[in-house]
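Take a look at the structure set out below.
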Amino acid sequence: MTTVVFTEKNKAAAQIANILAGGNVRCSSIGGVAVYDLKRNGKDWRIMGLAGHIMGYDYPAEFNNWREVDPKVLLDTPPVKNITRAQFGSAIINLAKDADELILACDFDREGENIGFEAKSIAEKVSKAPVKRARFSSLSKNEINRAFDNLVEPDENMAMAAEARQILDLKMGAAFTRYVTLSVRERVRTKGVLSIGPCQTPTCGFVYDRERAIRDFKSKDFWKIEAIFSTHDSDFKGQHRGGNIAEQEKADAIFAKIKDCKVATIAKKSVKETSTAPPYPLNTTEFLKRASKFLGMSPEKSLEIAEQLYLSGFISYPRTETNKYADDFEFKPILVGFTKGEYAEYALSILSGDIVSKNGKKDGHDHPPIHPIRYASKTDIEKTINLSNAWKIYDFIARHFLANLMPPALFEKTRLEVAVEDEIFDSMGSVQKDAGWLRVYPFETKNDKLLPLVDEGQNVAVKKITNTKSKTSPPKKLTEAELLTLMDKHGIGTKATAPSHIATNKKRGYFETKGKSVSILETGFTLMDALNNSVPILVKPDIRGRIEALIQEVEDGKKEFEASLVEGTTLIKEMYSQLSSNKNELVSQLAGTIQDEAVAVDKKNYIGECSECGRALHMITTDKGRFVGCTGYPQCKNSYSLPKAGAINILRSRKCKKGGAAVVKVGNKYHWAVGIGPCFNCEMEKECFPPEIVGPCPKCDGDMFLIDIKSKNTRFLGCTKRCGHSQSLPQNGRLTILKQVCEKCGWRMIRVKEQDKDKEAREFCANRVCAQSSRQG
DNA sequence: GCAAGGTC
């Protein structure tokens with residue numbers, strides 16, 4: 001007879017097995033699932049890792065037809081739970097048969113408890129063995145031994161709380177998504193799904209709120225009085241204490257009083273040393289925020305790379321809430337590894353004193369903060385991980401780890417109060433005295449702002465005083481980092497799922513990210529607007545909060561599981577009836593937008609007619625690249641490749657004389673015929689793109705035309721008959737050949753506009769000989 | 001084809 005242990009994931013199973021056995025572990029496989037065998041206290045133990053949830057809720061098959069089942073029916077239909085990872089189910093049965101004790105050892109949180117209960121429910125089909133729970137807050141040796149020496153009862157309330165969340169999330173998501181999607185399809189032909197969910201919708205709501213603030217913004221005028229003071233060694237700026245002055249009369253009055261003053265006095269000077277502490281250790285949310293802010297990477301991508309770095313043993317587990325190191329955390333072995341390569345000087349300086357971490361206050365009792373496990377060079381990372389930016393992420397994590405252990409950065413901040421008569425101006429200066437942790441952290445640099453050396457009571461010259469009118473500016477677009485902060489603050493999603501909610505919204509076409517900022521798309525804006533008018537609670541974080549509060553009561557034993565389902569369902573039904581009573585407005589708003597967007601996208605990507613079936617060809621862009629495909633897919637599989645790099649511009653007025661489907665311009669570089677290839681490889685290039693003739697060749701019966709070799713940064717006029725005659729052209733500025741011809745020689749006129757904004761564009765005859773003679777004459 | 005939560 002054996003003790004059987006279930007952990008949340010394979011990695012944890014392996015580690016726990018090692019700790020419990022003291023090293024003597026045998027690994028085998030049951031239907032592809034790893035099992036670790038060992039002896040503990042003279043008994044056989046078998047430890048198996050699950051893969052997170054291995055069961056999931058869904059509606060029975062007869063409710064799967066969207067057209068036949070009224071979405072409203074889903075609200076009164078209980079979803080059923082199935083095994084979604086069959087091989088894990090079989091392995092559990094296989095182990096449980098011979099067990100005389102079962103131990104659940106998943107992560108110590110609500111979902112972990114629930115995952116344990118999934119294994120328990122499967123095991124209990126074949127086993128009557130008692131089920132215990134090992135509760136540990138880290139995978140350290142002491143903690144694991146303590147947990148397994150002090151087994152407790154599984155917490156059914158905790159597991160059922162997660163169960164209620166799953167059911168309510170699915171009910172709401174499925175009913176609302178089907179209802180909105182089907183309602184819109186009554187009016188407009190679209191294959192797209194308009195999804196709604198308790199996390200994705202409030203996430204989009206944050207972006208919508210910001211967009212509303214931007215669209216509703218009314219700019220106001222204000223006036224700002226600034227002065228430039230000057231001492232014998234340098235000038236410095238000051239701003240009037242009144243700041244941004246809303247009333248023009250007030251600003252004018254102050255300005256009139258002092259505008260002719262030539263001397264000011266340093267009324268007060270204060271110098272303060274300030275320090276900026278290093279950042280806290282990284283938990284998942286902070287990691288994702290900083291990766292977006294510093295590296296411009298999407299949370300989804302960052303987490304994917306972190307996962308790979310973790311699996312390859314470069315960094316610790318990337319999904320953690322904790323931003324403080326445990327008291328017995330061993331920094332030294334890691335730091336010693338970092339004493340080579342580009343981090344050496346920082347690691348050595350940390351090792352030369354006491355190692356002190358600047359800890360945060362969050363402790364999820366799960367995993368340590370994200371930190372490098374071992375030193376790696378750029379080549380090490382690139383050899384192991386086939387994802388671009390993997391090095392950037394590793395380097396950032398390594399630098400953050402080191403920065404956290406380094407001393408604060410010290411600054412000297414100087415504040416001057418400068419009196420012009422009795423009006424006070426403020427000047428601030430800041431000088432970095434000791435870079436501290438900033439040395440290893442190039443992502444946050446602070447520039448010095450220097451003030452000249454002056455003393456209190458000293459006079460300085462007033463060089464200039466200005467009174468300028470400005471306008472208040474609208475709020476900026478939300479950045480992805482700010483969005484993550486809002487989600488975290490309002491409990492939308494978890495450390496592991498926040499990126500996926502952002503990705504869902506992008507996939508649905510609700511918003512997009514441009515660089516670091518998030519922009520709402522019309523479909524997203526209209527959907528949020530319509531929901532905001534009918535079921536406002538959906539667009540706000542409140543909906544998640546309401547469900548969370550319900551299930552927390554289940555976890556605390558204050559509410560029965562069934563009662564929470566009834567209450568939750570009632571809440572969802574209320575929202576559903578609000579939504580359906582506003583169906584007409586909702587559909588007209590959405591249908592219009594979707595039609596507009598579909599037409600716009602179609603037009604933008606239209607390439608031409610398909611030679612196989614006559615339908616439209618269009619350009620398709622995916623994560624993997626871009627190509628031209630037929631809108632008749634999958635019936636018609638006609639497709640063509642496109643060049644991988646360079647912006648594509650479809651040239652609608654051009655026709656390929658060799659029969660290519662269309663001609664596109666690739667960047668500013670060359671032309672490409674769809675289905676044929678680059679035009680510069682084609683013998684008919686001259687026919688499709690006839691040279692721009694500017695005039696007859698003075699040496700033969702050919703014509704002079706523009707030759708522009710962008711790669712060599714040179715341009716000149718050459719002869720179509722290649723007689724060897726050429727003429728030079730100005731090399732700088734944008735050159736356009738005009739329609740007009742020169743009155744004197746009949747050659748075409750050209751215009752040259754130089755980059756310098758102050759310079760006017762020049763127009764002259766393309767014929768250098770003619771242009772020169774006219775300038776002399 | 002719907003959600004969100006784990007993890008590979």
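Computed from a predicted model, the values in this text were never measured in an experiment. Just so we're on the same page: letters track the sequence lines, and every chain starts at 1.
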Can you sort out which residues in residues 568-587 of chain A have a heavy atom within less than 4.0 Å of DNA chain B? Ascending by number, please.
none
Take A:Ile54 and A:Phe63, find for each the nucleotide of DNA chain B with the closest heavy atom, and name the residue whose nucleotide sits nearer the 5' end.
A:Phe63
Return the value, rounded to whole Å, for the distance between atom CG of A:Leu170 and atom P of B:dA3.
9 Å
In whole Å, what is the span from the CD atom of A:Glu111 to the C1' atom of B:dA4?
8 Å
Give one of base, sugar-phosphate or nothing for A:Tyr310, where a contact means two heavy atoms less than 4.0 Å apart.
nothing
Side-chain atoms of A:Glu8 come closest, of B:dT7, B:dA3, B:dG1, to B:dT7
Would you mind telling me which residue lines up with the more 5' stretch of DNA chain B, A:Gly491 or A:Lys507, judged by nearest nucleotide?
A:Lys507
State which of B:dT7, B:dA3, B:dC2 makes the closest approach to the side chain of A:Asp169.
B:dA3
Need one value for A:Arg508: base, sugar-phosphate or nothing, where a base atom within 4.0 Å counts as base even if backbone is also close, heavy atoms only.
sugar-phosphate
Honestly, is A:Lys11 close enough over A:Tyr310, meaning NZ or CZ under 6.0 Å from the six-membered ring centre and within 45° of the axis?
yes
Using whole Å, report how far CD1 of A:Ile196 lies from C1' of B:dG1.
15 Å
Quick one: is B:dA3 close enough that its OP1 or OP2 comes under 4.0 Å of any side-chain N or O from A:His501?
no
Which part of the nucleic acid does A:Thr494 contact within heavy-atom distance under 4.0 Å: base, sugar-phosphate only, or nothing?
sugar-phosphate
Using a heavy-atom cut-off of 4.0 Å across all strands, would you classify A:Tyr57 as base, sugar-phosphate, or nothing?
base
So if I take every side-chain heavy atom of A:Ser195 and compare against B:dT7, B:dC2, B:dA4, which nucleotide ends up nearest?
B:dC2
Phosphate oxygens OP1/OP2 of B:dG5: is one of them under 4.0 Å from a side-chain N or O of A:Arg544?
yes
Measure from CG on A:Asp58 to P on B:dG1 and round the result to the nearest Å.
10 Å
Tell me: CE of A:Met158 to P of B:dG5, nearest whole Å?
15 Å
Within the 4.0 Å heavy-atom criterion, would you say A:Pro71 contacts the bases, only the backbone, or no part of the nucleic acid?
nothing
Between P on B:dT7 and CD on A:Gln308, what's the gap in Å once rounded to a whole number?
15 Å
Closer than 4.0 Å, any side-chain N/O of A:Gln166 to the OP1 or OP2 of B:dA3?
no
So A:Arg67, base contact, sugar-phosphate only, or nothing? Heavy-atom distance under 4.0 Å.
nothing
Within the structure shown, what part of the strands sits under 4.0 Å from A:Gly493 by heavy-atom distance: base, sugar-phosphate, or nothing?
sugar-phosphate
Ion pair A:Glu163/A:Lys81, N-O distance below 4.0 Å:
yes
Within 45° of the ring axis of A:Tyr317 and under 6.0 Å from its six-membered ring centre, is that where the NZ or CZ of A:Lys9 lies?
yes
Value in whole Å for how far the C1' atom of B:dG6 lies from CG of A:Asn10:
15 Å
Charged N to carboxylate O under 4.0 angstrom, A:Asp169 versus A:Arg544?
yes
Quick one: which of B:dA4, B:dC2, B:dT7 gets closest to the side chain of A:Tyr59?
B:dC2
Residues A:Arg133, A:Glu153: salt bridge by 4.0 Å N-O rule
no
Is the A:Phe396 ring parallel, tilted or perpendicular to the A:His400 ring (thresholds 30°, 60°)?
perpendicular
What is the distance from CZ of A:Arg178 to C1' of B:dC2, rounded to the nearest Å?
6 Å
A:Glu480/A:Lys289 salt bridge by N-O under 4.0 Å criterion
no
Per atom distances to the A:Arg319 side chain, the nearest of B:dG5, B:dC2, B:dT7 is B:dT7
What class does the angle between the rings of A:Tyr394 and A:Phe314 fall in, given that below 30° is parallel, 30 to 60° is tilted and above 60° is perpendicular?
perpendicular
Are A:Arg165 and A:Glu548 within salt-bridge range, i.e. N to O under 4.0 Å?
no
